[in-house]
Protein chains: 2
Amino acid sequence: MSIVKPTRTGDREAGEGSSAYHHGNLREELVEQALKLAEEGGLSAVSVRAAARLAGVSPAAPFRHFPDKMTLMTAVAEEAMRRFRAEIVLALAQEADDDPMLRIRAIGRAYLDWARRNPTHFEIISSRRSIDFDGSPSLGQENAEIQAQIEALLLEAAQRGLLRSNDRHLIQIAARALVYGLARMLVDGHFPSWQVADADIEGTMAKVLDLFVDGLVKERPRPEP
Amino acid sequence: MSIVKPTRTGDREAGEGSSAYHHGNLREELVEQALKLAEEGGLSAVSVRAAARLAGVSPAAPFRHFPDKMTLMTAVAEEAMRRFRAEIVLALAQEADDDPMLRIRAIGRAYLDWARRNPTHFEIISSRRSIDFDGSPSLGQENAEIQAQIEALLLEAAQRGLLRSNDRHLIQIAARALVYGLARMLVDGHFPSWQVADADIEGTMAKVLDLFVDGLVKERPRPEP
DNA sequence: CAATCATGTAATCATTGATTACATTCATTG
DNA sequence: CAATGAATGTAATCAATGATTACATGATTG
């Protein structure tokens, strides 16, 4: 019992012995190739046909697995979101300090870092014109878990008396807006007009994040050493 | 001297007397129709051909005025940006108070209000994949003037000793990121997952803006009445 | 082994951005 | 005032893409 369904586990490049008519793992490979296309050529480089080409199948084959392009892009977004959240979870695990505001900052840094390194993937999970966000439980859940994490940290911060404002929901929206805005400015190419050189982007974003977090906490000289 | 070039000033709908082969004002009308298409059907509804159709010319005609679609979209963005900044200038003129932070908040509100009422136009001037921002002096200049306005207000705030931080450039980036993030979350459809009803969006954004501005200024009980 | 269902292909459409050769009108000038 | 050349518009055509339909192939299972 509980035997994993074989499905001729993916690997087709190696043996090549299979009959080669049926791919065996097309759905997942299409998602993978679409991610690759996005990474290499931006959002406009992602087409159903190009993904099919890379997967070595006909232009119509993808439509056996996805009713339309939007559904494919939604699956791509799900994979991107999984990676995105994994990185945030990792960053939180690596943050030793238990100061809730420091932990929130760590989330923000991981968020911005991932967006900087995966601009098009970030764009895919962000712009909800090319995906069906509401129709994907996976996307909704991953997103909700990130929010819940921050919510919990804000609650703890409030209990420790760190916060200036009592409206935590508002703080949360503000925090997300700031980080989303920074990431979007990055992928939308706004930084050149802000005299921020490419090499300085990481540092600048970190400083902006600090400035924002400082504005949230009650004014105190500074955490004494 | 200084006689305005006639060019058969636009109006073609009325008289209809003209030969009807030459449009007379096609370039501007294409921009106008593209703006209308964006307004009514979102970014994906904007096509060169649709604009040509609405203008009553052949599919190839637009290419006499714009070498490619991106150039048309850039002209569309220029018009949208003009309207955008006009609204900000108006809001500043209507803000009687001379407190620089209140004036900055007024800019933020006008920004968010315009984006909320013109989501696709906002998207067009924001996403720099469909336009050639750097190739348009007009876009660069309007953008620079908004930035200069905020810079001046921040300088004044600093001189009055209102600011927590001394790094005004960083404050400016943070402010833009917050407002850009809010506007982007709006047009990208993120608010439903934040339990913010459509009717509350305006109020919520205003409160987030206040929260942010409060975080920038030095902690003082409150501006006494 | 045969039936059936999942999965892939071929052929075809409509839409779109773009180009090229040709047509028409406007404006300048002899 | 007509002729001529520059602007401006059209027709025809291409290649790429999303999508659909009829058909082919292979895997699963009774």
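Numbers restart at 1 for each chain; the letters A, B, ... are given by sequence-line order, proteins then strands. None of these values were measured; they are calculated from a predicted model.
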- [ ] Give the rounded distance in Å between these two atoms: CG of A/Leu30 and C1' of D/dT17.
- [x] 16 Å

- [ ] Using the ring pair (Phe, Tyr, Trp, His ring centres under 6.0 Å) rule, collect all pairs that involve residues 188-212 of chain B, keeping only residues at least two apart or in two chains.
- [x] A/Tyr180-B/His190

Open item on the list: Regarding B/Arg116 and B/Glu202, does a basic nitrogen lie under 4.0 Å from an acidic carboxylate oxygen?
Closed with: yes

Task: Rounded distance (Å) that lies between atom P of D/dG9 and atom CZ of B/Arg27 - done: 12 Å

Open item on the list: OP1 or OP2 of C/dG8 versus the side-chain N and O atoms of A/His65: is any pair under 4.0 Å?
Closed with: yes

Task: Results of ring pair (Phe, Tyr, Trp, His ring centres under 6.0 Å) for B/Tyr111 - residues two or more places apart only - done: B/Phe84, B/Phe122

- [ ] Would you mind reporting whether B/Ser130 and B/Met70 have side-chain heavy atoms less than 4.5 Å apart?
- [x] no

- [ ] Let me know the distance between CZ of B/Phe66 and C1' of D/dT8, rounded to the nearest Å.
- [x] 14 Å

Open item on the list: Need the bend value for the helix from C/dC1-D/dG30 to C/dG30-D/dC1: angle between end axes, 5 pairs each end, nearest 10°.
Closed with: 10°

Task: Given C/dG8, C/dA18, D/dT20, the nucleotide with the shortest approach to the side chain of B/Phe63 - done: C/dA18

Open item on the list: Checking A/Glu145 now: which residues fulfil salt bridge (Lys or Arg N to Asp or Glu O under 4.0 Å) with it, not counting sequence neighbours?
Closed with: A/Arg85

Could you write out each protein N or O paired with an N or O of nucleotides 10-16 of chain C at a distance under 3.5 Å?
unit_1	atom_1	unit_2	atom_2	d
C/dT16	OP2	B/Arg53	NH2	2.9

TODO: Using atom CG of B/Asp68 as one end and atom P of C/dT19 as the other, report the distance to the nearest whole Å.
DONE: 8 Å

- [ ] Provide, to the nearest angstrom, the distance between the CG atom belonging to B/Leu26 and the P atom belonging to C/dT24.
- [x] 19 Å

TODO: Assign each of B/Pro59 and A/Pro59 to its nearest nucleotide of DNA chain D by heavy atoms, then name whichever residue's nucleotide is nearer the 5' end.
DONE: B/Pro59

Task: Non-hydrogen atoms of B/Val31 and B/Val76 that approach each other most closely - done: CG1-CA, 4.0 Å

TODO: Dump the intermediate steps for salt bridge (Lys or Arg N to Asp or Glu O under 4.0 Å) on A/Asp167 and B/Lys207, then the final yes or no.
DONE: CA-CA 10 Å; A/Asp167 194 336; B/Lys207 280 192 237 167; 5.3 Å; no

Open item on the list: Please evaluate residues A/Arg109 and A/Asp113 with respect to the criterion salt bridge (Lys or Arg N to Asp or Glu O under 4.0 Å), reporting the C-alpha separation (whole Å), side-chain torsions for both, the decisive distance (0.1 Å), and the verdict.
Closed with: CA-CA 6 Å; A/Arg109 286 194 178 173; A/Asp113 217 52; over 6 Å; no

Open item on the list: Using the ring pair (Phe, Tyr, Trp, His ring centres under 6.0 Å) criterion, which residues pair with A/His65? Sequence neighbours excluded.
Closed with: none

Open item on the list: Given D/dA19, D/dA22, D/dT10, identify the nucleotide with an atom nearest to the side chain of B/Arg64.
Closed with: D/dT10

